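Read through the structure below, which is laid out as structure tokens, and then see the notes.
In this text, all values refer to a predicted model and were calculated from it rather than measured experimentally.
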Amino acid sequence: MNDNNSHYNPVRVRFAPSPTGYLHLGGARTALYNWLWARKNQGVFLLRIEDTDLERSTQDSVQEILDGLTWLGLDWDEGPYFQSASLDKHVEAAETLLQKRYAYRCFCTKEELEAQRKEAGAKKVAFMYDGRCRELPASRVDENLAKGLPYVIRFAVPRDSQSTVVFEDAVYGRLEKKGQDIEDFVIVRSDGRPLYILSNAVDDANDRITHVIRGADGLANTPKQVLIYEGLGIVPPVFAHMPLTLDNKKAKLSKRTHGEVVTVAYYRRHGFLPWSLCNFLALLGWSSSDGREFFSREELIEAFDLSRINRANSIFNYVPGDAKNWTDPKAIHFNATYIRTMPLEQLIPCVKAELQNAGIWDDAYETEKREWFRQTVDLIRARFFTLTDFSTRGKCYFSDEFDFDEQAKKKNLSKEPRLREFLPELAHRLDSLPTFSGAAAEDALREYAEEEGVKAGLLINAARTAVSGTSVGPGLFEMLDTMGRQRVVARLMKAKDLIPEE
RNA sequence: GUCCCCAUCGUCUAGCCCGGCCUAGGACACCGGCCUUUCACGCCGGCGACAGGGGUUCGAAUCCCCUUGGGGACGCCA
């Protein structure tokens, strides 16, 4: 399958979110790509919660991430592990680096550094820590230690002019960075707590991660992490950085600026099928070699490959305030197409959940009305985009408590006052039919229209609005057929009152 | 400011590595038409892009350089 990677056996990948907010689309996409890679290689997908930011991490956020992944169907094989549980390992790694002189104690204070940074900013030159504590004689270090002076631990980045850090990225290719362009970065705070750059690398090593698939915002950090791996004597994993997804103003996606529409939970609430979201997300930055866009899980796992991840950022085409395109239109297209074409057996449970949620579910839909329910769902799904459409636009099929659209009333019920007589009479005729069916109803309606000398369309459109409250929907006679005589007759009678008198 | 990455229709993208098959293909959106009792679906058609400039070459979307534009990283955040 992937001979190039066969020595990474088994493949182990991870999704490592920090629980400081909601699971958003970018995170979901990262999780998806990792999951796909694990499944494709019969590898392991593990979940690691990077909760070392004590101030911002919350239990609610952890739950939201777990719920979101579960809903998406991105099942993990190990974890969730919590980064905070392995703090001692991170500290231990820092000690090792210190001993091997790959790291050193820095006694510069925050205030001193801040002042330097400010000065550099004022002079418009780049600030980089000058490494002044690197050459501190051992005697001075001991002295400072004895005095109990606080210190951070910094990585001693190779400074000679030729030294470079090189790594291979599965998406971006061979990347190289000069040691001179890398600051002696802090790996342990003055209070002894390790920093992300260290913890993350150490955890990946301990979890035996073979492929780090993450957002391109991690790209600039990678050389530092490679340095840590090298210092620790560990072979670095394969990196695969995925381009970021931006909004249509080219800004990074965030809940803070974009609101709920970038959270996974939002799509769940708005009637998305989890897989259609995955399918859409997969195509935001990746494409198959054969141009296919719709994939089953198995097909996507088969087709997915890190090397076909695009290097350019993609845009989540969300325009605030557009009622029809309330999210990226292509995402809606995916969802609608799935709803309209997926096997009915798979759709039915989703519709059930939706109707239950809306309080219009009837257990008989699984017993004596089972066939009716199937046919009805099949009839109306062709015009729906989301699962919620079944309980909103589709409400008239499952409940008598549906709303009337004002535009539809105006268009189909208000232009012809004689409908006040036509509709009840039509109801009467349908009620008298020996057997009620769409075809029989059609014959009766057309005959009646002829008798009255009006166009069949007048009665058809009026009847549509009378029984469904809207001006759109399936063919009228299919509608009548599925709604059944009783409902149709009752609704036609009732609609009389909606028609203005002359 | 410094370092790094990126650049094809409005959006997602194919093509780029291995120049010629590209008068640049597909999808979404949009606009027309057909179908039709409505609205969709479906089908047919349309609009619409190689950021700019230099090279290299018989030939460049594809290779090189510059410019411009966009993004990311530069924390004792993750």
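For the pair A:K252 and B:A73, the criterion of a side-chain N or O lying under 4.0 Å from OP1 or OP2 is met. The side chain of A:R292 contributes no N or O atom lying less than 4.0 Å from OP1 or OP2 of B:A27. Between A:R117 and B:G75 there is a side-chain N or O to OP1 or OP2 distance below 4.0 Å. Listed pair A:R174 / B:C17 fails the phosphate criterion, with no side-chain N or O lying under 4.0 Å from OP1 or OP2. In this structure, A:S471 does not reach the B:C39 phosphate: none of its side-chain N or O atoms is under 4.0 Å from OP1 or OP2. Of the side-chain N and O atoms in A:K250, none sit less than 4.0 angstrom from OP1 or OP2 of B:G10.
Between B:U23 and B:U13, the two P atoms lie 25 Å apart (nearest whole Å). Rounded to whole Å, the separation between the P atoms of B:C64 and B:A60 comes to 16 Å. As rounded to the nearest Å, B:C65 and B:C18 have P atoms that lie 15 Å from one another. B:U57 and B:A73: their C1' atoms are spaced 39 Å apart (whole Å). With both ends at atom C1', the span from B:A29 to B:G69 equals 25 Å, rounded to whole Å. Across the C1' atoms, B:G70 and B:U8 are found 15 Å apart, a figure rounded to whole Å.
Taking atom CD of A:Q83 as the reference point, atom C1' of B:A78 lies 8 Å away to the nearest angstrom. A:F334 places its CZ atom 11 Å from the P atom of B:U13, with the value rounded to the nearest Å. Between the CG atom of A:D169 and the P atom of B:G72 there is a distance of 18 Å, rounded to whole Å. Atom CZ of A:R193 and atom C1' of B:C76 are 9 Å apart (whole Å). As a whole-Å value, the separation of A:F127 CZ from B:C3 P is 17 Å. Distance CD1 (A:I315) to P (B:U11): 6 Å, rounded to an integer number of Å. In this structure, A:F385 atom CZ and B:C28 atom C1' are separated by 12 Å, rounded to whole Å. Taking atom CG of A:L281 as the reference point, atom P of B:U13 lies 12 Å away to the nearest angstrom.
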Test log, rule side chain to side chain contact (heavy atoms under 4.5 Å, CB included), inputs A:L253 and A:H258: CA-CA 7 Å; A:L253 250 34; A:H258 303 94; 4.1 Å; yes
Intermediate values then yes/no, salt bridge (Lys or Arg N to Asp or Glu O under 4.0 Å), A:E451 and A:R429: CA-CA 13 Å; A:E451 281 176 33; A:R429 292 187 180 210; 2.6 Å; yes
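Within the cation-pi definition used here (under 6.0 Å to the ring centroid, within 45° of the axis), A:R393 does not qualify as a partner of A:F402.
Using the Watson-Crick or G-U wobble rule with both distances under 3.5 Å, B:U62 pairs with nothing in any strand shown. Under the Watson-Crick or G-U wobble criterion, with both distances below 3.5 Å, B:C21 is left unpaired in every strand shown. Nucleotide B:C28 forms a Watson-Crick or G-U wobble pair with B:G10, both donor-acceptor distances falling under 3.5 Å. Of the nucleotides present, B:G72 is the one that pairs with B:C3 by Watson-Crick or G-U wobble criteria, both distances under 3.5 Å. Applying the Watson-Crick and G-U wobble criteria (two distances, each under 3.5 Å), B:A40 pairs with nothing in any strand.
Comparing B:A27, B:A73, B:C4 by their closest approach to the side chain of A:D217 singles out B:A73. Nearest to the side chain of A:V472, among B:C76, B:C39, B:A14, sits B:C39. Of the candidate nucleotides B:A14, B:G71, B:C76, B:G71 has the atom nearest to the side chain of A:L246. For A:N310, the side-chain atoms get nearest to B:U13 when compared with the rest of B:C5, B:U13, B:A78.
Contacts of A:K411 with the nucleic acid, taken as non-hydrogen atoms under 4.0 Å apart, involve only primed sugar atoms and P, OP1 or OP2.
Taking the six-membered ring for Trp and the full ring otherwise, A:F272 and A:F334 have centroids separated by 6.0 Å or more.
Side-chain atoms of A:R383 and base atoms of B:C41 include no donor and acceptor less than 3.5 Å apart.
A:D203 pairs with exactly one of A:H90, A:R14, A:K89 by the side chain to side chain donor-acceptor pair (under 3.5 Å) rule, that one being A:H90.
Mapping A:R311 and A:D181 onto RNA chain B by nearest heavy atom places A:D181 at the nucleotide closer to the 5' end.
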